[in-house]
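Throughout, protein chains are lettered first and strands after them, A, B, ... in sequence-line order, and every chain is numbered starting at 1.
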Amino acid sequence: MDTIFWGVLLRLVQTLINAAPWIAIGFVIAGVFRVVVGPEKTRKIFGGNSWKGLVYGWLWGMLLPVCSLGVIPIVRELYRSGIRGGTLIAFALTAPLFNPLSVLYGLTLSDPIAIITFAFCSLVIVSSVGLIWDTIFKDSNRIDEKEITDETVEIGIRRSVGTFKASTQMIFSAAALYIAIGILASVAVNVYLPHGAMAPMLERENTAAPLLVAGLGIPVYSTPLLAMSQIGSMFQHGNSIGAAFCLLIFGAGVNLGLFFCFMRLYGFARLATFIGLLLFISVGLAYLIGEPLYPEGVEVAGHTHAFDMYTSPFPTKLENAREITQHEIHKHWVNHEFGGTPILIGMTIIGAIFFLLERTTGLNQWLAAKTDNNKRMDKVLPGWVVTSLTVVGLLFFSIAGCYLYYPAKHEALEEMTTFNIQAVSAAKTGNWEAAMKWIEFQQDLARRLEVGSFIRSGELSEYHRTKARILREHLELLKHEVEDKDKERAGELALETNRAFKRLKRAFLE
Amino acid sequence: MMTQKKSILSLIANASFLLLFSLWMAGCKESEHGDHITYHHKPADYKAAVNRLLIIHELMIIDAPLPPPKHFHGDDDDHDHGHSHSDHDDDVVEVGIFQELDDIVRWLPTIAADSDLPKKPWDRINDNIKQLSKLTKTDGENDEEKRKQYRKNAKQIADVLGKLENEFEEFDKWDQQYPG
């Protein structure tokens, strides 16, 4: 019982840290839609009530950087603005699935055609589910446009304050409850699934693997980047490709919180239709593309670690679970926290302060007030200018984000040299925890080296990809011996890994 | 009030259903850490791989029966048999000559890259391996049919194997440049 408690706490904190930045962004975007854009313009930019809504749904979904939890406040805001159900579905599914960072990462898979096919199939799913749903439920735009309240605020400082107020106060709305459901359901799965339980179950030969992952993926939460790295791992280990596809759609694309949100907006019958369509089309496609996309020449590993983080972090009974939990939380914070959690906490506190200010000051009246246009110094820009600047800005930040996240080869190799020294010396001296840490850093950076080289030069030769794959294979073998704490074998593999890294470095620098 | 209560109960019921359904689909037990599959017939380096391909080539073109499949055990005991074992371990793997050929050709680019060879000679080797892969592809129903298909391309295969063998000097050169 003690081990379970600490396991739950660890997974809860890890999930919160992973999700926090995307959730914060989701609330900010929802606030912008409410206060800056307003319901009428929102309906316009999402294509009105026509079939074009689906296209706009996925275009905006591709541009906005949110995960399947962060999309919840935006979905509620779009519903409130009178957007059709099919368009909402297209947006809600596309936003977490399509992310320039994660798509580029996926392109380092042994066969880039696989990720392109995954992306295309995702579009097919999103479009067909949205289209069929809209055909069945023609009245999905349930809100009478005349009843929608416009809470837009006048241009100027009022608008900035109003947007911030709306974004932060939404944290106290039902959106936060759905987000909590999404996170808790994911943690509940972690408690239920014993440590490493999924490792041998996702092999190519297991024809039920896609179905298994689809079922597991529904309650489980994953960020798009994490899902893509896990998919990469499944390709590398020769696991079921159909299962990898289902991990993308269900692991990264949806969660129980999003389904709950949908159910409250549209009712259980419509939610069931949505889930049924999603399962039928996605799992069907998974079985169709599984064999054709199976990578040639890969050595079957017989297991996968892709799902270890969705299972209990500890084996059945652990004596020092508390100490390990504290240590792991600290490690996860140091390695993965980049400001998202403090920002989300800060937004929550500020939202509470805004509620207080509403009751004790004339804040709402001030926000609603209109000033004389002639006395204002603000420049009013046409709507098309603002929209264009927004789109260009989003694209720019996506590209800049990619260049920041995927370093240039010299920078990556410098850091990898340090990781290599640390991993090799830790493995040789039997410092297993340190070895594991540095091996994982090195594996991650080896992938990012490939992408960083590709986006800067426009190509990555088969020679360089093979060198990187060899290093990752050596690291994987070393990781296994470190897990088994076999000092002699770990020492031998550490030397081979060291040699593989030096060869990779020479290859990329020549 | 009644409607609210019903709504909350409905919410809880639906939540439980969704979660239970998902967990039922997942349901599994704790697993030991999985071992990587070891391929006992994987050559140690490029020279060993090409030399083995040359031997296989000879076996394909001479007028003698093809050797029986090799048996590999979990204890790394790799040997040829002419008889069956009744007391075999469960983890015996049989690798026929065509399987071995396909595997080695498939592994060869990676084996060649797991060395100090620079890009230019590796690209050259890789191009030859791609050609070899096309020439050695067979789809016969049994080994004799596959052998017939192989023999049709025997001369071209020999040429390509010769080119791959000529690259041994490159490996020696770069091994000396970066010893250990």
Side-chain angles (χ1 to χ4, degrees), chain A residues 181 185 188-189 192-201 211-212 214-220 237-238 256 259-260 263-264 268 271 275 296-297 299-305 310-312 315-316 461-464 466-467 469-470 473-474 476-477 480 483-484 496 499-500 502-503 506-507 510, chain B residues 7-8 10-39 42 44 91 102-127 129-130 133 174-175 177-180:
Chain A
I181 289 172
V189 168
Y192 176 75
L193 290 176
H195 182 64
M198 299 293 286
M201 297 178 71
L211 209 52
L212 202 64
L216 182 66
I218 289 173
V220 141
H237 284 71
L256 271 190
F259 284 164
F260 260 85
M263 185 174 67
R264 294 297 287 169
F268 183 71
L271 169 70
I275 295 176
E296 283 181 15
E299 291 188 11
V300 175
H303 66 284
T304 177
H305 292 293
Y310 304 132
T311 62
S312 176
T316 357
S461 72
E462 207 176 331
Y463 175 69
H464 292 103
T466 308
K467 286 286 191 192
R469 191 175 70 242
I470 289 170
E473 282 169 3
H474 280 289
E476 190 64 25
L477 290 171
H480 279 262
E483 280 168 349
D484 292 341
E496 286 178 31
R499 202 162 30 235
K502 284 182 178 172
R503 288 166 174 167
R506 264 199 306 274
E510 72 183 15
Chain B
S7 176
I8 292 167
S10 158
L11 202 68
I12 293 167
N14 294 330
S16 312
F17 164 74
L18 273 171
L19 193 55
L20 282 171
F21 174 72
S22 309
L23 293 178
W24 168 72
M25 293 199 83
C28 19
K29 55 188 191 307
E30 189 161 333
S31 123
E32 294 278 327
H33 166 71
D35 290 326
H36 270 279
I37 293 173
T38 307
Y39 294 93
K42 187 171 183 178
D91 59 345
D102 285 345
D103 286 345
I104 295 176
V105 171
R106 197 180 73 239
W107 289 326
L108 201 48
T110 308
I111 292 172
D114 198 2
S115 68
D116 294 302
L117 211 66
K119 185 175 183 295
K120 204 168 164 186
W122 185 87
D123 282 345
R124 199 168 55 228
I125 289 171
N126 194 35
D127 288 341
I129 294 168
K130 282 177 181 164
S133 177
W174 291 102
D175 279 345
Q177 181 124 356
Y178 301 108

ask   = At a heavy-atom separation under 4.5 Å, does A:Thr311 approach chain B through its side chain, its backbone, both, or neither?
value = neither
request  = Under 4.5 Å heavy-atom distance to chain B, tell me which part of A:Glu462 shows up: side chain, backbone, both or neither.
outcome  = both
ask   = Hey, are B:Asp114 and A:Arg499 close enough for a salt bridge, meaning a charged N less than 4.0 Å from a carboxylate O?
value = no
message = So which atom in A:Thr466 and which in B:Ala113 form the shortest heavy-atom distance, rounded to 0.1 Å?
response = CG2-CB, 3.6 Å
query = Are the side chain of B:Lys119 and the backbone N or O of A:Ala507 linked by a donor-acceptor pair below 3.5 Å?
reply = no
ask   = Name the one of A:Arg506, A:Glu510, A:Arg503 that satisfies side chain to side chain contact (heavy atoms under 4.5 Å, CB included) with B:Pro118?
value = A:Glu510
request  = Considering non-hydrogen atoms only, spot the tightest contact between B:Leu117 and A:Lys467 and give its length.
outcome  = O-NZ, 4.1 Å
